[in-house]
> 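First the structure, then my questions, so here it is.
Since we're looking at a predicted model, the values are computed, not measured. Counting starts at 1 for both ligands and their atoms, in listed order. These values consider heavy atoms only, across backbone and side chains, with no hydrogens, waters or symmetry-generated copies.
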Amino acid sequence: MSLDLPLSPGCSAAPVLRERGQHEVFCGLTGIIWLHRKMQDAFFLVVGSRTCAHLLQSAAGVMIFAEPRFGTAILEEKDLAGLADANAELDREVGRLLARRPDIRQLFLVGSCPSEVIKLDLARAAERMNVQHAPHVRVYNYSGSGIETTFTQGEDACLAAMVPALPATDAAELLVVGALPDVVEDQCLALLNAMGVGPVRMLPARRSGDMPAVGPNSRYILTQPFLGDTAAALDRRGAKRIAAPFPFGEEGTTLWLQAIADVYGVTADRFDAATAAPRARARKAVAAHAATLSGKSLFLFPDSQMEIPLARFLARECGMRPLEVGTPYLHRALMEPELALLPEGPMLSEGQDVDKQLDRHGAQAPDLTVCGLGLANPLESQGFTTKWAIELVFTPVHFYEQAGDLAGLFSRPLRRKALLTAGAKP
Ligand code: SF4
């Protein structure tokens, strides 16, 4: 079987423009929106201000009416006056919450900019509450503050916080790491099962009772590019990472599965038998959108750390021409297989100075711009065609069956623009 690896080094040795300045990104609190749906017996309690509560309400949209398992303990002025009071108040609120919601088995105390600035020690608070509420509830803490985290880094901080508490094991299990929608997780498990790979455990698990154990014989593989701290925490527990591109698109999924197959000694015949049919479906589904995307130029503003794998997918499977690929943070060790695949040409940028980046964007005038919600409408009003990056974390986009939908997220704005332009003509 040929894996169609490039002969050139791709972007492995390409220079990276590093910028610091004003940036337009979400803070890590937004991760709660998808994490609380994944972990069905967890509650996320943000310790923050009204700003944090408003952010969650607007990011969660209609979900806030469905008794979601997240909330904000709002720091009042009197909490700022004395930290002892703030701790007592937090203990009281948590006690009340857990009494009202006995279904909660995992509680995350999520730090914010205000809790960090006043140096409220949530790690100590979590320890204290663990003693109080064990064994029914396990209390963790991590920071989702805008000072420390950008958007998807909130998931990384959350998962990394869970790793030290995972039970120890000597079993040779495979851990698949990253919060996937349930339907996608099931597809992933079915593919691995068809390859004869197992036992497979997920981090995070749907319920606290199914959390994986970890130890020196564990192998793990990431499904998302933004999980650098989680990977480091698993390394510290002795687990070994399987390096691979990320499972976006037909090629990314195949290479991801192939990396596992190589470690587990899956024969080429068995691999082909497990993947041939879904690969063909994925190729066909992507081709339907590649007709719209092929030859179009692409500019990605930094948002989720998914930009490099997405640019690789859009360039190699959809024929797009990336001009600039921005990422909030470039984790070189995790990104090496992706950089090797990304065709030479685009400027790689890490961090952001938004005005300078907007100038570069304007000068290049790309056909499609991938950016956050704050930039999308202003750029549309200037005549650019944009794709909101946030949809990429809320929509199922991993593995073969979603490859067509992933391409569709990018072709849709171009099609809409073409329809509107055609409609505007007399
Ligand atoms: S954590 Fe910081 S950046 Fe995020 S909503 Fe709260 S104050 Fe704003």
Side-chain angles (χ1 to χ4, degrees), residues 19-37 42-64 68-81 83 86-87 89-90 93-94 97 107-126 139-161 179 226 228-230 301-306 326-329 351-355 357 371-376 388-390 392-394:
E19 284 193 316
R20 292 288 172 268
Q22 195 176 337
H23 46 277
E24 297 255 347
V25 285
F26 282 120
C27 66
L29 292 188
T30 33
I32 293 171
I33 312 294
W34 64 89
L35 287 168
H36 92 280
R37 287 202 294 188
F43 192 99
F44 293 81
L45 185 66
V46 176
V47 183
S49 65
R50 282 183 207 286
T51 308
C52 311
H54 289 155
L55 170 93
L56 281 177
Q57 277 177 19
S58 42
V62 292
M63 268 189 251
I64 56 163
R69 280 170 287 98
F70 60 83
T72 309
I74 293 171
L75 292 163
E76 307 281 358
E77 262 173 47
K78 68 177 165 48
D79 298 319
L80 307 183
L83 280 175
N87 277 311
E89 186 103 350
L90 188 59
E93 286 304 326
V94 165
L97 170 73
L107 175 71
F108 291 90
L109 300 178
V110 188
S112 66
C113 304
S115 74
E116 262 157 38
V117 168
I118 65 165
K119 304 230 178 316
L120 186 56
D121 192 341
L122 292 181
R124 286 264 293 279
V139 186
Y140 302 92
N141 103 282
Y142 73 89
S143 171
S145 85
I147 302 169
E148 287 197 16
T149 57
T150 297
F151 195 24
T152 47
Q153 276 182 307
E155 174 175 334
D156 190 25
C158 173
L159 300 191
F226 45 75
D229 286 354
T230 307
F301 280 85
D303 204 59
S304 62
Q305 294 185 54
M306 293 160 81
T327 177
Y329 177 65
Q352 189 173 43
D353 186 330
V354 73
D355 288 326
Q357 198 166 28
C371 60
L373 284 168
L375 293 177
W388 297 351
I390 192 166
L392 297 158
V393 292
F394 289 145

> Please indicate whether W34 has more than 12 foreign heavy atoms, meaning atoms of other residues, nucleotides or ligands, lying under 6.0 Å from its CH2.
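Yes, because the 6.0 Å sphere around CH2 of W34 holds more than 12 heavy atoms from other groups.
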> Would you name the heavy atoms of C27 and S145 that are closest together and state the gap between them?
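Here C27 and S145 meet closest at CB-C, 4.1 Å.
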> What class does the angle between the rings of H36 and F70 fall in, given that below 30° is parallel, 30 to 60° is tilted and above 60° is perpendicular?
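Perpendicular: the ring planes of H36 and F70 meet at over 60°.
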> Quick one: are the ring centres of F26 and F151 less than 6.0 Å apart?
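Centroid distance F26-F151: below 6.0 Å, so yes.
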> Locate the shortest heavy-atom distance separating Q305 from F226; write the atom from each residue and the value.
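Smallest heavy-atom distance, with atoms named: OE1-CA, 3.5 Å.
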> Checking L120 against L122 for the side-chain contact (heavy atoms from CB on, under 4.5 Å) test, could you report, in this order, the C-alpha distance in whole Å, the side-chain angles of both residues, the deciding distance, and whether it holds?
CA-CA 6 Å; L120 186 56; L122 292 181; 4.2 Å; yes
> Which protein N, O or S atoms lie under 2.8 Å from atom 6 (Fe) of ligand 1?
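Listed by chain and number, the atoms are C52 SG.
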